Every structure is written in structure tokens, then in C-alpha cells.
Colleague: 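Okay, here's the structure, questions in a sec.
Model, not experiment: these values are computed from the prediction. We name chains A, B, ... by the order of the sequence lines, and we start the count at 1 in each one.
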2 protein chains.
Amino acid sequence: MIDVKTLCLGVLSRDDASGYEIRKEFEDGPLSHFSDAGFGSIYPALKKLLEDGHIIMLPQGGDSRPDKKVYRITPAGRHVLYQALTRQPAQDKLRSDLMFMLFFGHMLPPRHLDRILGDRIDHLQRAVETLERSADRPGNAGEKFVDGLSLATYKAALTYLEEHRHELVGAALMENKVAE
Amino acid sequence: MIDVKTLCLGVLSRDDASGYEIRKEFEDGPLSHFSDAGFGSIYPALKKLLEDGHIIMLPQGGDSRPDKKVYRITPAGRHVLYQALTRQPAQDKLRSDLMFMLFFGHMLPPRHLDRILGDRIDHLQRAVETLERSADRPGNAGEKFVDGLSLATYKAALTYLEEHRHELVGAALMENKVAE
DNA sequence: AGGTACATGTAAGCTGTTACATGATTTT
DNA sequence: AAAATCATGTAACAGCTTACATGTACCT
């Protein structure tokens with residue numbers, strides 16, 4: 001499975017960035033749909049990449065914050081990234097608390113169930129809007145492909161949740177009635 | 001994020017099982033679509049659950065293997081599981097090597113790109129077939145809901161990959177030509 | 001004056017993975 | 001007879017998360 005170092009190289013292969021900016025990419029950017037990393041893993045990763053010569057630190061322009069450190073990928077770094085990209089990909093790994101909860105949905109308090117379903121629907125709606133807005137912006141083929149794939153799956157999940165939400169909440173209400 | 005102990009309680013809330021059988025659930029069963037755990041995390045988790053009184057070990061029937069240990073959830077265990085199920089769910093976490101690779105798809109060797117896309121299409125087709133076969137089998141409301149959600153997203157991903165596969169591979173071929 | 005966003009980094013701890021170690025039973 | 005499946009467990013390691021520690025700059 002691709003580690004945080006490689007994730008950082010991926011971000012830096014597109015543009016120079018600081019640790020802070022890399023983290024924003026994982027939070028909001030196009031990579032956020034299938035990867036994640038916090039400060040606690042990014043900063044040590046950058047330190048290691050710097051030691052290994054996979055990235056260099058740019059001398060900061062006098063106008064920017066003195067503590068800001070902007071990194072750039074090196075040819076060696078690009079090579080390492082390329083090696084990682086041409087390996088056999090590991091299986092996707094989805095960890096979903098929500099789906100685990102829904103799996104036991106019929107035994108949950110209907111109010112809780114309805115809330116977590118509603119929250120997820122809201123979240124998916126926002127994600128779909130964001131991706132649809134970015135669809136006509138320029139971008140390379142890979143980025144557009146991945147955005148399209150994310151959009152397609154989010155839309156499918158959204159439609160399913162909207163269409164079947166009441167069925168599951170109904171089942172939970174039934175269970176509650178029986179228990180009374 | 002729900003841990004392996006809770007995952008095990010979830011499996012055991014449905015039926016008594018051994019560590020080996022719990023692992024099969026994560027590999028093939030309906031929970032496999034959104035959770036995962038190997039022996040190295042299941043056995044220590046069961047040990048801890050036993051110590052805490054959340055599960056008990058059943059005296060094994062004389063006909064079964066002498067080394068097989070079958071566990072059953074206790075009322076205390078059910079309570080712990082219920083607590084976990086009624087908390088606010090953490091954000092879903094998807095880690096996907098494939099999507100990371102596809103994101104840089106245009107700079108990949110077309111053969112590699114075509115292979116990883118084909119492998120994923122095959123994998124999704126098998127997953128869809130399995131879920132469709134299990135659709136008419138009995139199951140409680142939560143299980144059916146989650147199966148339906150998984151099926152809807154897999155189908156959407158499959159359709160997208162089949163329809164757009166050639167676009168990305170085409171872009172990669174172009175890049176290669178330019179490089180020549 | 002206060003809140004938010006920018007900005008970096010360390011240390012401890014938790015969790016989970018991988019490799020190792022062992023062996024019985026069933027199927028081919 | 002070999003291979004696959006069943007079956008459990010430990011130890012070392014890798015990796016990531018959380019909490020801590022610190023401070024600047026901008027916006028209202």
C-alpha cells in the first residue's frame with residue numbers, strides 16, 4: 001500500500017509546496033477522495049524525503065513567511081514515484097463506520113439511524129456539487145478520469161441512499177414497536 | 001474509527017464463531033466491503049475481549065477439532081457493541097493505490113495502465129455477480145441495505161471504467177508518442 | 001482584542017501488519 | 001503423496017494518530 005512519502009511525492013510532482021499546502025491537498029484537493037494524511041505523518045515524511053534526496057528545500061522568497069519551507073521534487077524523487085506508480089496496486093481498502101452501523105441498522109434507535117443517513121446524504125451532495133463544478137476546469141487526463149470515477153460512485157451512493165433511506169428507518173421503527 | 005475488537009463483536013452478535021471463521025467473514029462475507037482484519041489483529045482482539053468479559057469461550061463439542069475455539073458474545077459485549085453503533089460515525093476512509101495510479105495515468109506505460117484497469121474491471125464484475133446472487137437470499141434489513149449500497153456503487157464504478165477506459169489509455173499512448 | 005488561518009515540528013502511544021512457528025484434516 | 005484448507009498464536013516492526021508545544025499574520 002502506497003505510503004505517505006509516496007503520496008507527498010505525488011503532490012510535489014505537480015507543483016512545489018510546503019507541508020501545510022500538501023496537507024490541504026489531502027483535505028480538499030482531488031487526491032482527498034482516496035488518500036489522507038495529517039501533519040503528524042507529512043512532516044516526518046518530508047524530513048525523510050529530504051534526507052534521501054528525493055526532494056529539496058527551496059530558498060524562500062523574502063516576502064513569504066520566514067518559517068515557511070517550500071519543497072520541490074528532484075529527478076531521483078520522480079524516479080521513485082514512477083517506480084511506485086508502475087507496481088501492482090494493492091487492493092482498495094475502505095473503512096466505513098457508517099456502513100458498519102447501517103449493517104445493524106434495524107437494531108439502532110430510528111432517530112440515530114435517520115440522522116447518520118441524513119448527514120451522509122448532505123455530505124455526498126456537497127461532494128457531488130464540488131466535483132461537478134471542477135468538471136469543466138482544465139486538468140490532465142488522469143485527474144479528469146479519477147474525478148469522473150469519484151463523481152459516478154458518489155452519485156450512485158447518493159441515489160441509493162435517497163431511494164432506500166425510508167425502508168431502513170421503517171424497519172428500525174418496526175423493531176422498536178415490537179420491543180415495546 | 002471502529003476497531004478490530006468492535007468488528008469482532010459485530011460478527012459474534014450474529015453467530016458464534018472461531019477466530020478463523022471471523023476472518024473469513026472479513027474476507028468473503030457481507031462485512032468485507034467496508035472492513036478488514038487479519039489473524040494478527042483478530043486473535044489479540046479476541047484475547048482482550050475474553051479478558052474483559054465481552055465474549056466467552058464455548059466448551060467445544062468432542063467431534064470438532066481439539067484446537068478450535070468457538071466464542072460467544074455476552075450481554076456485556078452486546079452493550080459495548082451497541083454503544084459503538086450509536087456513536088457519531090467517523091468519516092469513511094478509502095485508501096486506493098489504483099486511483100492514485102490512475103491520477104497519474106497519462107504518464108504511465110499504456111500496457112501497465114490497461115492491465116490495472118482490466119484487473120479492476122474483472123474484480124468489480126465478480127463483486128457485482130456475488131452481490132446479485134445474494135440479493136434474493138434472506139437477511140435482515142441492515143444487511144440487505146448495505147448489500148444494495150455496495151452493489152449500486154460497484155455497478156457505477158464498473159460502468160464508468162468500461163465507458164472511459166479507452167480515453168485514459170489513449171491519452172497515455174499520446175504521451176508516449178510525444179516522448180519518442 | 002479575539003478568532004481564524006497559516007506554519008512547523010516532536011513524542012508517546014496505539015493499532016495493525018508481517019513474518020515466524022506449528023500442526024491437523026481434507027481434498028485431489 | 002502433495003496441496004489446500006483449517007486452525008491458533010507470538011514477536012518484531014512499521015505506520016499513523018493524537019496530543020503537545022510554539023509562534024506569526026490577517027481579518028473583523
Colleague: May I ask you to decide if B:I2's main-chain N or O and A:R95's side chain share a donor-acceptor pair within less than 3.5 Å?
Modeller: yes

Colleague: What does nucleotides 12-19 of chain D look like as a protein-contact string, B for base, S for sugar-phosphate only, - for none, at under 4.0 angstrom between heavy atoms?
Modeller: ----SBB-

Colleague: Among residues two or more places apart or on two chains, list those pairs meeting side chain to side chain donor-acceptor pair (under 3.5 Å) that have a residue in residues 28-45 of chain B.
Modeller: B:H33-B:Y154

Colleague: If the condition is side chain to side chain donor-acceptor pair (under 3.5 Å), which residues does B:K144 pass it with, not counting sequence neighbours?
Modeller: none

Colleague: By side chain to side chain donor-acceptor pair (under 3.5 Å), which residues pair with B:K93, not counting sequence neighbours?
Modeller: none

Colleague: For the residue pair B:Y160 and B:H164, does the interplanar ring angle fall in the parallel (under 30°), tilted (30 to 60°) or perpendicular (over 60°) class?
Modeller: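 Rings of B:Y160 and B:H164: parallel, as their planes differ by under 30°.
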
Colleague: Measure from CE on B:M1 to C1' on C:dT15 and round the result to the nearest Å.
Modeller: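 Nearest whole value for this atom pair: 13 Å.
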
Colleague: For B:E143, check side chain to side chain donor-acceptor pair (under 3.5 Å) against everything at least two apart and list the hits.
Modeller: B:R14

Colleague: How close or far is atom C1' of D:dA7 from atom CG of B:D67, stated in whole angstroms?
Modeller: 5 Å

Colleague: Expressed as a whole number of angstroms, how long is the span from B:M57:CE to D:dA7:C1'?
Modeller: 13 Å

Colleague: So how far off straight is the helix from C:dA1-D:dT28 to C:dT28-D:dA1, going by the axes through five pairs at either end, to 10°?
Modeller: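 What I find for the helix from C:dA1-D:dT28 to C:dT28-D:dA1 is an axis angle of 50°.
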
Colleague: With no hydrogens and no angle check, just 3.5 Å: does a side-chain donor-acceptor pair link A:T6 and A:D3?
Modeller: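 A pair is found: one side chain offers a donor N or O, the other an acceptor, under 3.5 Å apart.
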
Colleague: Got a sec? Which of residues 81-91 of chain B come in under 4.0 Å of DNA chain D, heavy atoms?
Modeller: none

Colleague: Determine the interplanar angle of the A:Y20 and A:F39 rings, folded into 0 to 90°, and report it as parallel if under 30°, tilted if 30 to 60°, perpendicular if over 60°.
Modeller: parallel

Colleague: Nearest whole angstrom, please: distance from the P of D:dA4 to the NZ of B:K24.
Modeller: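 These atoms are roughly 18 Å apart.
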
Colleague: Could you tabulate the donor-acceptor pairs under 3.5 Å formed by side-chain atoms of residues 76-83 of chain A, not counting sequence neighbours?
Modeller:
residue, atom, partner, partner atom, Å
A:R78, NH1, A:S13, O, 3.4
A:H79, NE2, A:Q83, NE2, 3.0

Colleague: For A:V70, which fellow cluster members are found when Ile, Leu, Val, Met, Phe, Trp and Tyr are connected by side-chain heavy-atom distances below 4.5 angstrom, either directly or through intermediates?
Modeller: A:I56, A:L58

Colleague: May I have the distance from B:E21 (atom CD) to D:dT5 (atom C1'), rounded to whole angstrom?
Modeller: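 Rounding to the nearest Å, CD of B:E21 and C1' of D:dT5 are 13 Å apart.
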
Colleague: For the pair made of CG in A:D28 and P in C:dC6, what is the distance, rounded to whole Å?
Modeller: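 That distance rounds to 10 Å.
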
Colleague: A:R23 has an atom CZ; how far is it from atom P of C:dT8, in whole Å?
Modeller: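 One finds 12 Å between P of C:dT8 and CZ of A:R23, rounded.
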
Colleague: Please list, in numerical order, the residues of residues 43-56 of chain B that have a heavy atom closer than 4.0 Å to any atom of DNA chain D.
Modeller: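 Residues of residues 43-56 of chain B under 4.0 Å from DNA chain D: B:Y43, B:K47.
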
Colleague: By ring pair (Phe, Tyr, Trp, His ring centres under 6.0 Å), which residues pair with A:F26, not counting sequence neighbours?
Modeller: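 Partners of A:F26 by the ring pair (Phe, Tyr, Trp, His ring centres under 6.0 Å) criterion come out as none, since no residue qualifies.
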
Colleague: Does any pair with a residue in residues 156-168 of chain A pass salt bridge (charged side-chain N to carboxylate O under 4.0 Å, His left out), and if so which ones, sequence neighbours excluded?
Modeller: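 Sorted result for residues 156-168 of chain A: A:D114-A:R165.
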
Colleague: Do the side chains of B:E51 and B:K47 get nearer than 4.5 Å, heavy atoms only?
Modeller: yes

Colleague: Rounded to whole Å, how long is the line connecting atom CD of B:E25 with atom C1' of D:dC6?
Modeller: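 Rounded to whole Å, this separation is 16 Å.
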
